[in-house]
Amino acid sequence: MAKRIVVLISGSGSNLQAIMDAISADRIQGHISAVISNRPGVFGLERAEKANIATEVLDHKAFESREAFDAALAELIDSYSPDLVVLAGFMRILTAEFVRHYQGRMLNIHPSLLPKYKGLNTHQRALDAGDSEHGCTVHFVTEELDGGPLAVQGAVSIDAEDTAESLQQKVHKVEHQIYPLAVELFCADRLQWSEQGVSLDGSPLSSSGYRYNG
Ligand code: GRF
């Protein structure tokens with residue numbers, strides 16, 4: 001059965017676009033029921049409207065507390081009864097209660113080879129550390145920021161001439177490959193997170209997840 005997906009965004013939504021494209025190409029056994037943004041007027045909302053996907057704006061600034069916003073957000077998400085919630089550049093720290101409610105059915109993408117470089121400025125930090133490799137990770141979301149179990153990773157090489165900007169561009173390209181892949185695997189019931197950990201096709205994945213090699 002096709003899975004119902006809700007995507008949360010705060011910005012340009014290029015990862016949202018990559019997932020929409022994979023759905024249009026019949027790669028993903030699912031459809032996007034709604035795209036929800038915490039920021040009005042962002043380009044990701046336009047992308048969704050163009051594809052005739054329902055859009056919602058829930059502006060966090062209109063709420064008195066993080067808890068109140070997250071409660072309203074969960075109510076809005078749940079009105080679409082999603083099987084999967086996809087965080088695609090959703091720039092909010094989420095409360096533990098919210099995260100627990102979607103445990104095992106909420107994915108995020110982070111621009112580093114986790115567990116390296118949780119948080120911000122990941123490209124500069126990889127450069128400053130003299131790393132030869134960098135990349136991005138799709139992971140299940142837990143209460144620990146950027147700390148949930150890893151599902152899919154994709155790497156890029158760091159070359160002598162790379163800057164934070166050039167690395168960001170390289171990593172973004174890989175994001176657009178691994179996020180649709182992770183959603184595809186989840187929607188086909190091939191990728192799961194249970195008490196035994198993350199598994200792919202019934203076999204446990206290593207702690208660094210499935211390594212995507214293009
Ligand atoms: C991506 O770099 C992702 O890793 C981070 O936010 C950015 C979202 O980009 N979590 P976009 O809105 O999908 O273009």
Side-chain angles (χ1 to χ4, degrees), residues 5-24 27-28 32 34-51 53 55-60 73 84-94 98-99 102 106-127 131 133-156 158 162-184 186 208-212:
I5 305 167
V6 167
V7 183
L8 306 190
I9 61 166
S10 301
S12 115
S14 69
N15 280 287
L16 162 69
Q17 185 70 56
I19 293 166
M20 289 188 330
D21 291 347
I23 290 172
S24 302
R27 265 185 58 198
I28 292 174
I32 299 176
V35 171
I36 302 174
S37 173
N38 66 313
R39 290 200 187 123
V42 296
F43 187 52
L45 290 168
E46 274 179 47
R47 296 182 192 266
E49 278 158 17
K50 221 171 150 189
I53 295 170
T55 58
E56 306 268 10
V57 175
L58 194 67
D59 191 342
H60 61 276
L73 180 60
L84 175 64
V85 177
V86 170
L87 306 182
F90 187 61
M91 303 304 279
R92 293 280 307 168
I93 291 175
L94 300 164
F98 181 92
V99 169
Y102 298 104
M106 182 155 69
L107 295 173
N108 181 44
I109 190 156
H110 182 73
S112 78
L113 294 173
L114 289 171
K116 276 188 161 182
Y117 315 129
K118 297 173 182 173
L120 299 174
N121 300 322
T122 59
H123 311 299
Q124 191 59 51
R125 286 157 70 197
L127 282 174
D131 292 355
E133 192 181 59
H134 183 45
C136 46
T137 306
V138 177
H139 64 93
F140 286 94
V141 179
T142 62
E143 291 164 42
E144 194 197 338
L145 184 69
D146 301 326
L150 310 189
V152 182
Q153 286 200 316
V156 301
I158 301 184
D162 268 323
T163 61
E165 290 71 38
S166 70
L167 262 189
Q168 183 186 18
Q169 285 171 12
K170 278 193 203 175
V171 169
H172 233 135
K173 275 194 193 141
V174 181
E175 289 184 19
H176 300 157
Q177 295 170 318
I178 68 167
Y179 218 172
L181 173 65
V183 172
E184 176 190 337
F186 183 92
S208 55
Y210 172 77
R211 181 72 171 231
Y212 171 79

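In each ligand, atom 1 is the first atom listed, and ligand 1 is the first ligand listed.
The closest non-hydrogen atom to atom 12 (O) of ligand 1, taken over A88, G89, G44, G13, comes from G13. Comparing V171, I109, L120, V138 by heavy-atom distance to atom 10 (N) of ligand 1, the nearest is I109.
Considering backbone and side-chain atoms together, N15 places an N or O closer than 3.5 Å to an N or O of ligand 1. Geometrically, ligand 1 and N108 share no nitrogen or oxygen pair separated by less than 3.5 Å.
For the 3.5 Å distance criterion, the side chains of S14 and H172 qualify, holding a donor opposite an acceptor. For the 3.5 Å distance criterion, the side chains of Q153 and S208 fail to qualify, holding no donor opposite an acceptor.
Take E144 and apply the salt bridge (charged side-chain N to carboxylate O under 4.0 Å, His left out) test, not counting sequence neighbours, and it matches K118. Judged as a salt bridge (charged side-chain N to carboxylate O under 4.0 Å, His left out), and not counting sequence neighbours, D146 has no contacts.
Residue E175 approaches ligand 1 through these ligand atoms, each under 4.0 Å from one of its heavy atoms: 1 (C), 2 (O), 3 (C), 4 (O).
Residue C136 places no heavy atom under 4.0 Å from ligand 1.
Protein heavy atom closest to atom 14 (O) of ligand 1, with residue, atom name and distance, is S14 OG, 2.5 Å.
For the side-chain contact (heavy atoms from CB on, under 4.5 Å) test with V86, the passing option among V7, V6, N108 is V7; the others fail.
In this structure, H123 and H134 have perpendicular ring planes: the angle between them is above 60°, well past the 30° mark.
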